[in-house]
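First comes the structure, then the notes that go with it.
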Amino acid sequence: MSKESLPKHVAIIMDGNGRWAEKHAFPRVRGHRKGAESVRTIVTLCRKLGIGYLTLYAFSEENWKRPPHEVTALMKLLGSFLKRELKEMKESGIRLNAIGRTEKLPAATRKILLDTIRETSHGSKMVLTLALSYGGRQEILDAVRALARKVQTGAMDPEDISEDQFSGSLYTAGMPDPDLLIRTSGEYRISNFLLWQISYSEIYVTPTLWPDFGEAELLEALSEYRKRDRRFGAVGTT
Ligand code: FPP
C-alpha cells in the first residue's frame with residue numbers, strides 16, 4: 001500500500017467486547033482480554049504500515065458507570081498490557097500518549113501509564129494515543145475554560161480564538177485530525193469521541209466485534225478508505 005493512500009491518523013472506537021463474550025458464553029471480562037489481543041495486532045500492523053498516529057477509545061468518561069468489578073478488571077488489564085508491551089513499544093519506536101481526565105484513573109494504573117509514556121517518549125515511528133476517562137464534550141469544555149482564563153487575564157483577545165488556536169487547546173494539541181474513524185460492532189454512533197477532530201474524517205463502520213477485528217479487517221478498512229473521495233467541502237478533482 002503506497003504511503004500517500006494511507007491515512008496519517010486512524011482513530012478507532014473499539015466496541016463489542018461484551019457481545020463477543022456473550023456469544024461465546026464467557027464472562028464480559030474475557031471479551032476485554034481478547035479485545036486487548038486485538039489492540040496488540042492492530043498497533044503492530046499500523047506501525048508496520050507506517051501509519052503515524054493511532055488513537056484508541058479504550059475507556060470513556062461514561063464507562064465509569066459500569067459495574068465496579070468490570071471497571072477494576074479493565075484498569076488491571078490496561079496496566080498489565082502496558083507492562084507487557086513496553087519492551088516491544090520501545091524497540092519498534094512507538095510513543096505512548098494518553099488523552100482524557102487520566103487523573104481519575106486508579107493510582108496504580110496511572111503510575112504504569114505515566115511510566116510507559118515517559119519510557120517511550122523518544123519513539124519516533126508512531127504515536128499511540130489511548131483515550132482514557134475521555135469524553136469529547138468534556139475535552140471541549142476544558143479547552144473553552146483554558147481559553148476563557150487567557151481572555152480573563154488579558155493574555156488573549158476573544159477575536160483571536162481561531163480554529164487553530166482552539167485545536168491547540170484540546171487534549172490532542174499538535175496531532176493531525178483523524179483521516180479515518182473506524183467503529184466496530186455495527187453501531188452508527190460517535191459516542192462522544194473526538195467530536196471536534198472528526199469534522200472531516202472518513203467513517204468506516206463494520207459489524208465485526210472488536211475481539212474479532214484483526215489484520216484482514218484493518219486492511220479492508222484501509223482499502224475502503226482509499227476509495228473515498230475526500231473533498232473537504234470543495235468540488236472533486238475528477
Ligand atoms: C467496548 O466493548 C470496549 C471497551 C469499553 C473497552 C475497550 C478495552 C479494550 C479493547 C481492552 C483493553 C484496552 C487496552 C488498550 C489494552 P463493550 O464492553 O462496550 O462491548 P458491548 O457493547 O458488546 O457490551
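In each ligand, atom 1 is the first atom listed, and ligand 1 is the first ligand listed.
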When only distance counts, is [X] in polar contact with ligand 1, meaning an N/O pair under 3.5 Å?
{"X": "Asn63", "answer": "no"}
{"X": "Ala36", "answer": "no"}
{"X": "Arg19", "answer": "yes"}
{"X": "Asn17", "answer": "yes"}

Might you work through the side chain to side chain contact (heavy atoms under 4.5 Å, CB included) test for Met75 and Phe59, ending with a clear yes or no?
-> CA-CA 9 Å; Met75 293 298 146; Phe59 195 86; 3.8 Å; yes
May I have the step-by-step check of side chain to side chain contact (heavy atoms under 4.5 Å, CB included) for Leu170 and Asp142, ending in yes or no?
-> CA-CA 8 Å; Leu170 295 169; Asp142 283 348; over 6 Å; no
Among all protein heavy atoms in this structure, tell me which lies nearest to [atom], with the distance rounded to 0.1 Å.
{"atom": "atom 7 (C) of ligand 1", "answer": "Ala58 O, 3.4 Å"}
{"atom": "atom 16 (C) of ligand 1", "answer": "Phe81 CG, 3.4 Å"}
{"atom": "atom 12 (C) of ligand 1", "answer": "Leu77 CD2, 3.9 Å"}
{"atom": "atom 14 (C) of ligand 1", "answer": "Val39 CG2, 4.2 Å"}
{"atom": "atom 1 (C) of ligand 1", "answer": "Met14 O, 3.1 Å"}
{"atom": "atom 20 (O) of ligand 1", "answer": "Gly18 N, 3.0 Å"}

For [X], which part has a heavy atom under 4.0 Å from ligand 1: side chain, backbone, both, or neither?
{"X": "Arg28", "result": "side chain"}
{"X": "Trp20", "result": "neither"}
{"X": "Leu56", "result": "neither"}

Which atoms of ligand 1 sit under 4.0 Å from any heavy atom of His32?
->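 Counting from 1, the qualifying ligand atoms are 11 (C), 18 (O).
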State whether a side-chain donor-acceptor pair under 3.5 Å links [X] with [Y].
{"X": "Arg183", "Y": "Thr206", "answer": "no"}
{"X": "Glu139", "Y": "Tyr134", "answer": "yes"}
{"X": "Gln138", "Y": "Asn192", "answer": "yes"}
{"X": "Ser185", "Y": "Arg19", "answer": "yes"}
{"X": "Asp179", "Y": "His9", "answer": "no"}

Once the angle between the rings of Trp20 and His24 is folded into 0 to 90°, is it parallel (under 30°), tilted (30 to 60°) or perpendicular (over 60°)?
->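 The rings of Trp20 and His24 sit tilted, inter-plane angle from 30° to 60°.
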So, does Arg66 sit close enough to ligand 1 that a heavy atom of it is under 4.0 Å from the ligand?
->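 So Arg66 counts as touching ligand 1.
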Salt-bridged, Glu224 to Arg228, with N to O below 4.0 Å?
->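 Between Arg228 and Glu224 there is a salt bridge, with a charged N closer than 4.0 Å to a carboxylate O.
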